[in-house]
Amino acid sequence: MYLFAYKFLPNRLQRCCRQLLVHCFYCCIILHAAAQTKETDAPPALIPLPVQYTPNNESFIINPTTAIGCDNHLKPCADLLQGYIKAFAGWQPATPAVHPVKNYILLHTDSNAIKQPEGYKLTITGNNIDLTANNTAGIIYGIQTLRLLWLQKNKQLQVKGCTIYDYPRFAYRSMALDVSRHLFPASFIKKYIDLLSLYKFNTFHWHLTDDQGWRIEIKKYPALQSVAAWRKETLIGHKKELPHVFDGKKYGGYYTQEEIKDIVAYAAKRNISIIPEIEMPGHALAALSAYPALGCTGGPYAVATFWGVFDDVYCAGNDSTFIFLQNVLDEVMDLFPSPYIHIGGDECPKTKWKTCPKCQQRIKDLQLKDEHALQNYFITRIEKYINSKGKNIIGWDEILEGGLAPNATVMSWRGEEGGIAAAKQQHAVIMTPESHLYFDYYQSLYATEPLAACCYTPLEKVYSYEPAGNNTTAAIKQYIKGIEAQTWSEYLGSNAQAEYMIFPRALAVAEIGWTTQGQRNYAGFAERLRQQKSFLQKLQVNAAGIFDEIQYTPAIKDKKQLQVSLTSSLPGGKIFYTTDGSIPSLKSKRYTDDINIASACLLKARLFDGNSQPVNRTFQQLFTIHKAIGAAVTLTHPPVEKYNPGVYALVNGVNGNSKYNDGQWTGWSGDDAEIVIDLERVTVVHSISTHVLNYHWQRMWAPTHLEIALSEDGVAYTKVYTQNKFSLNGINTITAKFSEHKARYIKLTALNKGIIPAGNYGAGGKALLMLDEIIIE
Ligand code: TNX
């Protein structure tokens, strides 16, 4: 229509229009060229970072006439690539028998050209894409790199010219998923596996059985499907909260063998090996509920409805236990081609074995030292069976108890000590310490964070993990085969919540597992991650995008002044804050330097990006200013390592949070708390308050007795408060109010429960006594 109208314009105007069009055309070309130059300058946001990336000035557009050529044995890889292109663009390139001269993607293996297992070289020019790899695995990772390159585009499959030469640092790169506590549909498992392959993992550890549900069809034992796969109901809220409340809804299900075969094949196409885990001898309540004769007491047992460690485990004195497990393992080994079978071995209380005649008989007959040696007998017997089928076992670090089974690989979760001990015995080790690699733990301290197990493992902490250790000898290092992160699903009630906890933390693990230690740096990783945000969205992954959110650090500066610093890792980010409770905007005070907190307030802060758009949630923190801020604190007994934030945490104006993961709680394990606060000069005081935790499910017990005494000289003390009763569950506020007293020294003494009484969680172990800010007024 416009062309038609143009014809009727006078000649001069037509000329004008033509000139204008020509100008526009040149402008467009210049702009386009500028955009292209800009594009070739920026390295692509690849995670994990490849070993070598060399850009060139060309670029390749995959279009419907592009052909995929490959060596014969790589046909499944070509199909995989074709499927990825189709999923992204809606059309698919051809895979002709003879590859054309131009406009093709060629896949081939050449172990002379690429020496490293799983390694590949991806060469992208204007004419074609060449992917040469050491083996099929390398081809798959090369395809995933290509996919990461085009995922950065919108719709168009244009990839920048470059040569990428790449191979992994560790042979074992894995993510786990617990499907017992909560079940995830087969479609979710596939999506997860595809994401693992995208980020160059090669293993998926599938935790299939536990106390709260048995999730794999075993044809020989139908009650595993009809009974063990179902629990009556599920705990609502955190297990630490008492009394426990349940949802009253039957919950369960399992994966059929057909589904499992399909998933295993799907994973194999993506170079993901699936290691199934069948837990023993502990975490077996679901199996026992279906086959009670396998327990020490004969039951009855019920599938667990809440989380924890349960005393009822497989009976180690009963041969039918081993016959059952061997039959189960036969079916498992038929389904999973993996050379490894995970047999658990963790958290097996010995309570029932101690009083079980059959277990005791076994100990006597075999002249075993104790129940720990019986655990070793159990694992070793199962290992022999698995070895006889040509496979090896992996077990949690508790399998070190009573001696290690001969060919076992150890998964070190309670720190790295188990792993190091196993490596010293020349056993293969996989590092998965809960301190850094448990994704059921909180990744943010914000109060609005969805319910999680505990603790605090932000992205940066995950990224900082070094599996080979920083001071480990080469002799030890050679046994450290790689890394795995855990996703226990107690608090992962939906697919979306599981994705939120796994991503992006899994990407940090991917980079640790693949990229050399020297190449890694958090700022670079975070920047690449920011650029990947949009395509994680395209892949419909509910990733947590909060890793740049505002963090705060309280500090006591001179003259006992509380100062708070705010930081964000977002480059170009600006922070605005308020102290009057209002939501900060660009009109609020801009944060430039530490904030002096002179009186009690609720500090709120908001992060804005370079375009002045708000990012993430509003930060907020309450501060209480009182007479002991910054005072000298002396502790008679040292706190336990995990809850030892330094004495200022008791007098820095910040209360501990209800998740006790914010570094504001001080805890004593088995020991009493005796705290003396020196106000430096005699001061009039009339009220002292603090909090203690009473969460028996976390081994945290309120003190049996608490008292507060005052002194002017630090020698003669006057008692002003005693308390022997604490409310049963949760955070107890201790408030001591008394008539005005003169004091320089304040002594707070709280007696630890000591040993946790029988019948309670952690019975026989030491109780934790937990205290936070001591507010003196
Ligand atoms: C410990 S890690 C467990 C799991 C729980 C997890 C919760 C390990 C080998 N056992 O059974 O789900 O803690 O964080």
Side-chain angles (χ1 to χ4, degrees), residues 174-184 205-215 231 234-235 237-240 275-287 303-314 340-349 375 379 393-401 408-419 422 429-443 450-457 462 483-493 497-498 501-502 505 509 642 659-661 695 697-699 761-762 765:
S174 172
M175 287 291 305
L177 183 66
D178 163 18
V179 293
S180 171
R181 280 57 178 264
H182 281 101
L183 188 57
F184 302 91
H205 166 189
W206 204 356
H207 185 80
L208 286 161
T209 73
D210 215 299
D211 300 301
Q212 295 81 4
W214 182 284
R215 305 282 174 236
R231 59 178 178 253
T234 303
L235 178 73
H238 198 278
K239 75 167 182 184
K240 73 180 185 186
I275 298 180
E277 181 179 352
I278 306 296
E279 267 271 15
M280 62 189 82
H283 286 295
L285 209 42
V303 179
T305 53
F306 58 94
W307 330 120
V309 174
F310 299 87
D311 283 345
D312 287 303
V313 301
Y314 288 115
Y340 295 102
I341 303 293
H342 201 307
I343 48 81
D346 62 309
E347 299 181 322
C348 177
Q375 154 123 353
I379 302 291
I393 65 161
I394 300 183
W396 300 109
D397 56 47
E398 286 94 331
I399 66 168
L400 281 148
E401 272 176 31
T409 295
V410 171
M411 220 168 237
S412 192
W413 74 277
R414 296 174 299 178
E416 294 180 315
E417 296 75 19
V429 172
I430 295 152
M431 287 298 187
T432 181
E434 60 170 330
S435 56
H436 291 74
L437 300 176
Y438 269 42
F439 292 175
D440 53 333
Y441 292 179
Y442 285 99
Q443 59 192 311
L451 184 68
C454 67
C455 316
Y456 179 45
T457 310
V462 177
I483 183 169
E484 180 177 299
Q486 304 300 322
T487 313
W488 301 104
S489 63
E490 287 93 334
Y491 302 103
L492 306 182
Q497 180 55 13
M501 298 302 273
I502 298 170
R505 289 188 287 188
V509 179
K642 190 171 174 190
K659 298 162 189 161
Y660 40 84
N661 62 352
Y695 286 124
W697 269 97
Q698 303 297 103
R699 302 187 170 90
Y761 185 73

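All values derive from a computational prediction rather than experimental measurement. Each ligand, and each atom within it, is numbered from 1 in the order the structure gives. The first residue of the sequence shown is numbered 1, and numbering continues consecutively from there.
With sequence neighbours excluded, the residues forming a ring-ring contact (aromatic ring centres under 6.0 Å, His included) with His182 are Tyr251, Trp307, listed by chain and number. Residues satisfying the ring-ring contact (aromatic ring centres under 6.0 Å, His included) test with Phe306, not counting sequence neighbours, are His244, Phe310, Trp697. Annotation: ring-ring contact (aromatic ring centres under 6.0 Å, His included) contacts of Tyr660 (sequence neighbours excluded): Tyr695.
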**Request:** Report the C-alpha distance between Glu277 and Trp396 in whole Å, list the side-chain angles of each, state the deciding distance to 0.1 Å, and finish with yes or no for side-chain hydrogen bond (donor to acceptor under 3.5 Å, both in side chains).
**Result:** CA-CA 11 Å; Glu277 181 179 352; Trp396 300 109; 2.9 Å; yes
Pairs under 3.5 Å, N/O atoms on ligand 1 and on the protein: can you put them in a table with the distances?
{"from": "ligand 1", "atom 1": "10 (N)", "to": "Asp346", "atom 2": "OD2", "distance (Å)": "2.8"}
{"from": "ligand 1", "atom 1": "10 (N)", "to": "Glu347", "atom 2": "OE1", "distance (Å)": "3.3"}
{"from": "ligand 1", "atom 1": "11 (O)", "to": "Arg181", "atom 2": "NH2", "distance (Å)": "3.0"}
{"from": "ligand 1", "atom 1": "12 (O)", "to": "Arg181", "atom 2": "NH1", "distance (Å)": "2.8"}
{"from": "ligand 1", "atom 1": "12 (O)", "to": "Glu490", "atom 2": "OE1", "distance (Å)": "3.4"}
{"from": "ligand 1", "atom 1": "12 (O)", "to": "Glu490", "atom 2": "OE2", "distance (Å)": "2.6"}
{"from": "ligand 1", "atom 1": "14 (O)", "to": "Asp440", "atom 2": "OD2", "distance (Å)": "2.6"}

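A distance-only check finds no donor-acceptor pair linking the side chain of Glu279 to the backbone of His207 [under 3.5 Å].
Side chains of Glu484 and Thr432: a donor-acceptor N/O pair is absent below 3.5 angstrom, by distance only.
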